[in-house]
Novice: 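Below you'll find the structure I mean.
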2 protein chains.
Amino acid sequence: MRPIVHPALETLSPEAILHALSDPERAAIFAEIATSECVERCSALSQAATREIPKSSLSQHFKVLREAGLIRSERVGVEMRNYSRGMEVNGRFPGLIPAILSAYGF
Amino acid sequence: MRPIVHPALETLSPEAILHALSDPERAAIFAEIATSECVERCSALSQAATREIPKSSLSQHFKVLREAGLIRSERVGVEMRNYSRGMEVNGRFPGLIPAILSAYGF
DNA sequence: TCCCATAGTTCAGGAATATGGAACTATTGA
DNA sequence: TCAATAGTTCCATATTCCTGAACTATGGGA
């Protein structure tokens, strides 16, 4: 299993972010992560799995969000914790994330 | 040749907009249309064609932008005029378009 | 320690989308 | 009517996406 990689803030691209969030499922997942205040129970894959998406697909969705720089994932025991990088991203692309989430109604 | 259709403002979806603008080529085309003040020479396909994109691809790009509700196209004589619907769209999804254009550096 | 359960990843193929050359359509002007 | 210009459509190829099945990683017993 290859190690989890998180792109540096400077290397993020608008196209990757827009692409990641142009899928409503992924947008919903991200919104859930981004709007939950907590640090402890921030949307593990299993939680998102309450939707009816195959876990391989979910895994891909998280990968796309991660590689776009929107989330940070870390393994905690047997599960994966996902945190929003929204604040960081907002520093680089001001207003982008809020506008997108708001457009979706999140 | 089927008639040009423009979706009503109420039927626009964030995913279609994000998808349309997640392609840097399309984003550049839209930016050119959206930021040009003029009404008369608003980016016909031939102008965009200064880039090295095949015209069939350009035609598809304009179609995607049109169907996402980002531009309005009308035929004027032998050519096509494309206008930004950015203002309208901004009424529906406030801040979205500006944030995207700014993220791209346009 | 070995085994099992849980959580997630990777792989592989089929489905869906995108790309672009070639042929076609529409409009204008001579 | 014909030629030129501007754009669209078609279709074959290429790329990307989806997801079931197999695999990997970690933790908790017995």
Side-chain angles (χ1 to χ4, degrees), chain A residues 1-7 13 15-30 32-33 36 40-68 70-83, chain B residues 1-7 13 15-30 32-33 36 40-68 70-83:
Chain A
M1 230 159 246
R2 47 198 76 144
I4 307 163
V5 181
H6 296 97
S13 71
E15 53 262 49
I17 292 174
L18 297 190
H19 171 250
L21 297 179
S22 70
D23 180 301
E25 209 61 69
R26 274 196 299 263
I29 293 172
F30 175 67
E32 202 174 305
I33 296 173
S36 74
E40 277 313 302
R41 49 192 187 73
C42 286
S43 266
L45 191 151
S46 58
Q47 294 174 287
T50 47
R51 312 165 217 280
E52 287 162 12
I53 312 165
K55 61 178 185 168
S56 59
S57 304
L58 270 178
S59 185
Q60 290 306 317
H61 283 328
F62 278 100
K63 188 182 179 199
V64 171
L65 290 171
R66 190 162 51 236
E67 294 183 345
L70 291 166
I71 62 172
R72 185 165 46 79
S73 309
E74 67 186 48
R75 184 165 211 135
V76 175
V78 80
E79 76 178 20
M80 214 68 169
R81 295 276 170 74
N82 296 285
Y83 306 94
Chain B
M1 230 160 248
R2 47 198 76 141
I4 306 164
V5 181
H6 296 97
S13 71
E15 53 263 47
I17 293 174
L18 297 190
H19 171 250
L21 296 179
S22 70
D23 180 302
E25 209 60 69
R26 272 194 302 259
I29 294 172
F30 175 67
E32 202 174 306
I33 297 173
S36 74
E40 277 311 302
R41 49 191 187 75
C42 287
S43 264
L45 191 149
S46 58
Q47 295 175 287
T50 47
R51 310 164 219 281
E52 288 162 10
I53 312 165
K55 62 178 185 168
S56 60
S57 303
L58 270 178
S59 185
Q60 289 306 316
H61 284 328
F62 279 100
K63 188 182 179 200
V64 171
L65 289 171
R66 190 163 51 237
E67 293 182 347
L70 290 165
I71 62 173
R72 187 165 45 80
S73 310
E74 69 187 47
R75 182 165 212 136
V76 175
V78 79
E79 75 177 22
M80 214 68 170
R81 294 276 171 76
N82 295 284
Y83 306 94

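Numbered from 1 within each chain, the chains take letters A, B, ... in sequence-line order.
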Novice: Where the side chain of A:E79 is concerned, which of C:dG8, D:dA6, D:dT9 is the nearest nucleotide?
Specialist: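 Nearest to the side-chain atoms of A:E79, counting from C-beta on, is C:dG8.
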
Novice: Rounded to whole Å, please give me the gap between NZ in B:K63 and P in C:dT17.
Specialist: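 Distance, rounded to whole Å: 12 Å.
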
Novice: Using the closest heavy atom to pick a nucleotide of DNA chain D for each, name whichever of A:S57 or B:P3 lands nearer the 5' end.
Specialist: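 Upstream on the strand: B:P3.
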
Novice: Would a 4.5 Å heavy-atom cut-off, applied to side chains only, mark B:L70 and B:L21 as touching?
Specialist: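 Result yes, sub-4.5 Å side-chain heavy-atom pair found.
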
Novice: Atom CD1 of B:I4 and atom C1' of D:dG7: how far apart are they, to the nearest Å?
Specialist: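 Taking atom C1' of D:dG7 as the reference, CD1 of B:I4 is at 10 Å.
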
Novice: Is the shortest heavy-atom distance from the side chain of A:S73 to the side chain of A:H6 under 4.5 Å?
Specialist: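 They are in contact (side-chain heavy atoms under 4.5 Å apart), so the answer is yes.
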
Novice: Rounded to whole Å, please give me the gap between CZ in A:F62 and P in D:dC17.
Specialist: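 Computing the A:F62:CZ to D:dC17:P distance gives 18 Å.
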
Novice: Any chance you could lay out the side-chain contact (heavy atoms from CB on, under 4.5 Å) test for B:R26 and B:Q60, step after step, and finish with the verdict?
Specialist: CA-CA 10 Å; B:R26 272 194 302 259; B:Q60 289 306 316; over 6 Å; no

Novice: Give the rounded distance in Å between these two atoms: NZ of B:K55 and C1' of D:dA4.
Specialist: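 The distance from NZ of B:K55 to C1' of D:dA4 comes to 11 Å, rounded to the nearest Å.
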
Novice: Hey, are the side chains of B:V64 and B:F30 touching, using non-hydrogen atoms and a 4.5 Å cut-off?
Specialist: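 No, their side chains stay 4.5 Å or more apart.
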
Novice: Within the pair B:S56 and C:dG20, is there a side-chain N or O less than 4.0 Å away from OP1 or OP2?
Specialist: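 No, because none of the side-chain N or O atoms of B:S56 sits under 4.0 Å from OP1 or OP2 of C:dG20.
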
Novice: What integer distance in Å separates B:L58:CG from D:dT8:C1'?
Specialist: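 Spelled out: CG on B:L58 to C1' on D:dT8 is 12 Å.
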
Novice: So, OP1 or OP2 of D:dC10: does either fall under 4.0 Å of a side-chain N or O from B:R2?
Specialist: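 So the side chain of B:R2 is within the cut-off, an N or O lying under 4.0 Å from OP1 or OP2 of D:dC10.
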
Novice: To the nearest angstrom, how far is B:I53 atom CD1 from C:dT19 atom C1'?
Specialist: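 Distance, rounded to whole Å: 12 Å.
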
Novice: Can you tell me which nucleotide in D:dC18, D:dT9, D:dT19 comes closest to the side chain of A:P54?
Specialist: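 Looking only at side-chain atoms, A:P54 lies closest to D:dT19.
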
Novice: Please figure out whether A:H19 or A:R75 has its closest DNA chain D nucleotide nearer the 5' end.
Specialist: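 Between the two, 5'-proximity favours A:H19.
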
Novice: Closest nucleotide of DNA chain C for B:M1 versus for B:H61: which of these residues is on the 5' side?
Specialist: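 Upstream on the strand: B:H61.
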
Novice: Are any non-hydrogen side-chain atoms of A:E25 and B:E15 less than 4.5 angstrom apart?
Specialist: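 Answer no - side chains too far apart.
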
Novice: Separation of B:I29 atom CD1 from D:dG7 atom C1', in whole Å?
Specialist: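 To the nearest whole Å, that distance equals 14 Å.
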
Novice: Rounding to a whole Å, what distance do you find between B:E67:CD and C:dT17:P?
Specialist: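 Taking CD of B:E67 and P of C:dT17, I get 13 Å after rounding.
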
